[in-house]
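Presented below is the structure to which this report refers.
The figures here come from the full heavy-atom set of this structure, side chains too, leaving out hydrogens, waters and symmetry mates. Residue numbers run from 1 in the order of the sequence given.
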Amino acid sequence: MAKLTEVYDIETLFNLFTYTSYVIEEDKWYTFVIHQHKNEAKELYNHLTRGGFFQVGFNNNNFDYPVLHHFINHWDELQYQSGYDIAQDLYNKAQQLINDENTFKEVADKNKYIFQIDLFTIWHYNNKARRASLKDLEFAMNMPNVQEMPISHEQFCTKEDIDLVLEYNHNDVLATVQFYKITLGDTDYSVYAGRNKLSLRMQFKKMFDIPCLNWPDVKIGEQLLLTLYCRENNLDPRIVKKWGTPRDEIKLKDCIPVWCNIKSEEFNRFLNVIKHKIIKPGSKFSESIIFHGIQFDFGLGGSHGCIKSGIYKSDEKYIILDLDIGSLYPSISKSLNLYPNHLGESFNKQYSQFIDIRLAEKHKPKAERNNALIEGYKLLLNGAYGKSGEETSFLYDPLYTYKTTIAGQLFICMWAERMVEKVPELEFIQINTDGITIRLPKEKVDLIREVYLQLEKETGLGTEEAFYNQMIIRDVNNYQAEYQDHTRENPHVKLKGCFEIDKEFHKDPSMKIVPIALYEYFINGIPIEQTIKNHKNIYDFCLRLKINRNSSAYYSTIENGQLKNIKLDRTTRYFASESGGGLTVYYNGSDSMTRLNKEFQFTLFNNFYE
C-alpha cells in the first residue's frame with residue numbers, strides 16, 4: 001500500500017465542484033475548486049495523478065471515487081473546457097451514480113488509479129439494520145459542528161457560495177479523519193479502543209489471499225468460508241456461490257437433535273408442538289411455556305425469558321450465576337454434524353476443524369497467538385449460521401438454519417429442567433438464546449456444574465460461567481450486571497440496552513447522561529441529581545433528531561413577540577433547556593404535526609458554543 005494517507009471528500013453541485021483532503025503524514029490540507037470564477041481542474045488532475053498515496057473516504061467506492069475516476073479518465077477532453085462546463089460534467093456524472101439504478105457504481109480495484117479505503121462499507125453502514133450517515137457519526141463522535149450541506153445541489157452557485165460549500169466540505173473531511181482514527185483503534189471510546197479493523201483486514205488479505213480491505217465483517221466471514229471450502233474441495237467459487245438448497249416447507253420434527261431428552265411436562269408440551277409443526281421458510285413461529293415460575297418464550301430466532309423488573313443481588317447465602325454456552329451455533333453444527341445439503345458432509349468436517357484450530361490458538365500464551373486467525377475463523381464460524389437463511393448466499397439451506405436454532409432451544413429446555421431437578425430452590429433470572437442466569441444458594445453451585453458438565457458429555461456443548469454481585473433489570477434486553485470481581489479502580493459491569501453508555505455509532509446515542517447517572521447510582525451509590533448537576537460534558541445531554549428526505553422539522557421560538565419557525569436540517573443536535581423553543585415534525589409528507597416532548601423547551605446545538 002502507498003505510504004501517504006489522504007482522507008478526502010468531494011461536493012458536486014450544479015455548477016460547482018470542490019475537492020478537500022487532508023494528508024495525515026504531512027499534516028497538510030488540500031482544496032481544489034472548479035467553478036466559472038475559479039478553475040483549478042488542472043491542479044486537481046496533477047494532485048490526483050502524483051502517485052505515492054491512497055485515499056480514505058466515506059461511501060467513496062460508490063460515489064466519490066467513481067466521479068474522480070471519470071474526471072481522470074476524461075481529462076484529455078475536460079482539460080480544454082471551462083470551469084463551468086467541467087463542474088456540470090462532474091455534476092451529471094454524480095447524478096447518474098445517485099439516480100440510475102442500472103449504473104454500475106464501484107470501479108474494480110484493478111482499474112482504479114488510486115487505491116481506496118471505504119469506511120462506510122468496512123463498518124457495514126450500507127446495511128439497513130446498521131445504516132449510519134456521516135452526520136450520525138458527527139453526532140456520535142461529539143464533533144463541534146454537525147453540519148448539513150448549506151446549499152441545494154440543484155442551486156446555481158455564485159462566487160460567494162464557494163466558501164460555504166468549502167466549509168461544509170472541510171467539516172466532512174474532519175469527521176472522516178476522526179472516524180478513520182477510530183477504525184484504526186486509535187480512540188479512548190471503550191467500544192472501539194484498540195480494535196484496528198484495517199490492520200486485521202490486511203492480515204486477512206495476506207493470510208487467506210482474499211481482497212477484503214473494504215468488506216464488512218459479515219462478508220469476510222462468508223467469503224472466507226467460500227474460499228477455503230472451494231480450495232479444500234477443488235471447486236470453482238464462481239460456480240459454488242450460486243449454489244443453495246431452497247425448500248418449500250420445513251417439518252420441525254426433522255430439526256429435533258438426536259440427544260434431545262426432555263422430561264418435564266411443561267417442556268414436553270413445547271416439544272410436542274415442534275413434532276407437529278410444519279412451516280414455510282421465512283415464516284414466523286412462537287411458543288411460550290411457563291416453567292418454574294418464569295415464562296420461556298421460543299421463536300425461530302432463539303429463546304428468551306426474564307424475571308420481573310427489579311434489583312437482584314447476591315448476598316451471604318445466595319449468589320447470581322450467569323451461564324453461557326460457548327460458541328453456541330458453531331458448537332451445535334459440530335455436535336450434530338450439520339451442513340447445508342448442497343455442500344455435503346465434507347463441509348461440516350472442514351467447519352469442525354476450523355472450530356478446533358481456533359480454540360487451540362486461543363489457548364496458546366497471549367504473546368504466541370495468531371489473532372488474525374482467531375478473529376478470521378470467528379467471523380467464518382458465525383457467518384455460516386447467519387447466511388444459511390439468506391437466499392442469495394451459497395450457504396442457503398433453511399433446514400440447516402432451523403436445525404441449529406431448534407437444537408439450541410431444546411438444549412435450553414433440558415438444561416433448565418435438570419438444574420431445577422438438582423436445585424429446586426433456584427430462581428431463574430434470565431433466559432437467552434445461548435444462556436441462563438440463575439440465583440441459588442452458594443453451596444449448591446457445584447450441583448449446577450455437575451449438570452452442565454454432564455450435558456457437555458451428552459451434547460458436546462460447553463458452558464462458561466460468571467458470577468454477579470447484582471443485576472438491575474428492566475427487561476431481557478435492558479439490564480445492568482455487576483460482576484463479582486468489579487472494583488471502582490477496575491470496573492467490570494455488563495451494560496445492555498438503555499443502560500449502555502458507550503454505544504456503537506449506528507445506534508442513537510441521545511441523552512448519554514441518563515445511563516451515566518444510572519451507572520453511578522446503582523454501581524457507585526451516587527445520587528442521580530448529584531451526577532447530573534456535576535457533569536460538565538454538554539454533549540452527554542444532547543439529543544438527536546433525524547428525519548428522512550420526505551419529512552420536515554421546525555424549531556419554533558418567540559422573538560420580539562413574534563413566532564419564528566426555523567426549518568431544520570435532516571440531522572439536528574439539541575438539548576433540553578430552561579428557555580428556548582419547541583420542536584415539531586411532519587413525518588413522510590404528512591400534514592399532521594408531531595410535537596416532540598412538548599412539555600420541554602430546547603436549544604439547538606449543531607454548532608458548539610461556550
Verify the distance criterion only: is there a donor paired with an acceptor across the side chains of Thr245 and His342 at less than 3.5 Å?
yes
Note to self: When you compare the side chains of Glu25 and Thr5, does any donor N or O come within less than 3.5 Å of an acceptor on the partner?
What the structure shows: yes
| said: Once you measure the plane-to-plane angle for His47 and Tyr30, does it fall in the parallel (<30°), tilted (30-60°) or perpendicular (>60°) bin? | reply: tilted
Check for me whether Arg573 meets the cation-pi criterion with Phe575, that is, NZ or CZ under 6.0 Å from the six-membered ring centre and within 45 degrees of the ring axis.
no
When you compare the side chain of Met143 with that of Gln178, does any pair of heavy atoms fall below 4.5 Å?
yes
Problem set entry | Side chain to side chain, Ile122 and Pro216, heavy atoms closer than 4.5 Å | no
Closest heavy-atom pair, Asn39 versus Gly83, reported as atoms and distance to 0.1 Å, is ND2-N, 3.3 Å
Correct closest heavy-atom pair for Gly389 and Thr401 would be N-OG1, 3.5 Å
Exercise for review: Would you indicate whether the side-chain heavy atoms of Glu375 and Asn370 approach each other to under 4.5 Å?
Suggested key: no
Worksheet entry | Donor-acceptor contact present, side-chain Asn92 to main-chain Gln88, <3.5 Å | yes
Closest non-hydrogen contact found for Tyr189 with Lys512 is CE1-NZ, 4.0 Å
Beyond-backbone contact of Ile220 with Cys212, side-chain heavy atoms, under 4.5 angstrom: yes
Nearest heavy-atom contact between Val7 and Thr176 is CG1-CG2, 3.5 Å
Any side-chain to backbone donor/acceptor pair from Tyr229 onto Leu343? Under 3.5 Å, distance only.
yes
Sequence neighbours excluded, the answer for ring pair (Phe, Tyr, Trp, His ring centres under 6.0 Å) partners of Phe139 is none
_Checking the side chain of Arg570 only, and the main-chain atoms of Asn548 only, is there a donor and an acceptor separated by less than 3.5 Å?_
no
Looking at Cys157, is its backbone amide N or carbonyl O close enough to the side chain of Asn15 to form a donor-acceptor pair, meaning the two atoms are under 3.5 Å apart? yes
**Prompt:** Do Asp9 and Asn169 have side-chain N/O donor and acceptor atoms under 3.5 Å apart?
**Reply:** yes
Q) In terms of side-chain geometry, is the basic nitrogen of Glu40 or Lys38 positioned less than 4.0 Å from the acidic oxygen of its partner? A) yes
Over 60° means perpendicular and under 30° means parallel, so classify the ring planes of Tyr125 and Trp123, tilted if in between. parallel
Exercise. Could you tell me whether the side chain of Val514 reaches within less than 4.5 Å of the side chain of Met511, counting heavy atoms only?
Key: yes
Quick one: does Asp136's side chain get under 4.5 Å of Lys546's, heavy atoms only? yes
_I'd like to know if Lys280 and Glu249 make a salt bridge, using a cut-off of under 4.0 Å between side-chain N and carboxylate O._
no
Taking Asp161 for the side chain and Thr158 for the main chain, is one N or O donor matched with an acceptor at less than 3.5 Å? yes
Do the rings of Phe179 and Phe505 sit parallel, tilted or perpendicular, given the 30° and 60° boundaries?
tilted
I'd like to know if the side chain of Asn60 and the backbone of Gln116 have a donor-acceptor N/O pair within less than 3.5 Å.
no
Taking 4.0 angstrom as the limit, do Arg201 and Asp217 come out as a salt bridge? yes
With sequence neighbours left out, the residues meeting side chain to side chain contact (heavy atoms under 4.5 Å, CB included) with Lys567 are Ser552, Tyr554
- Message: Please determine whether a side-chain nitrogen of the Lys or Arg among Glu138 and Lys135 lies less than 4.0 Å from a carboxylate oxygen of the Asp or Glu.
- Response: yes
*asked:* Within the structure provided, determine whether Phe347 and Pro340 are in side-chain contact (heavy-atom separation under 4.5 Å).
replied: yes
Check: Between Lys387 and Glu390, does at least one N-O distance fall below 4.0 Å, as a salt bridge requires?
Finding: yes
**Item:** Ion pair Glu6/Lys28, N-O distance below 4.0 Å
**Value:** no
Close side-chain approach of Phe354 and Leu228, heavy atoms under 4.5 Å
yes
Quiz prompt | Audit row: Tyr339, Tyr351, ring-ring contact (aromatic ring centres under 6.0 Å, His included) steps and yes/no | solution = CA-CA 9 Å; Tyr339 49 87; Tyr351 187 81; over 10 Å; no
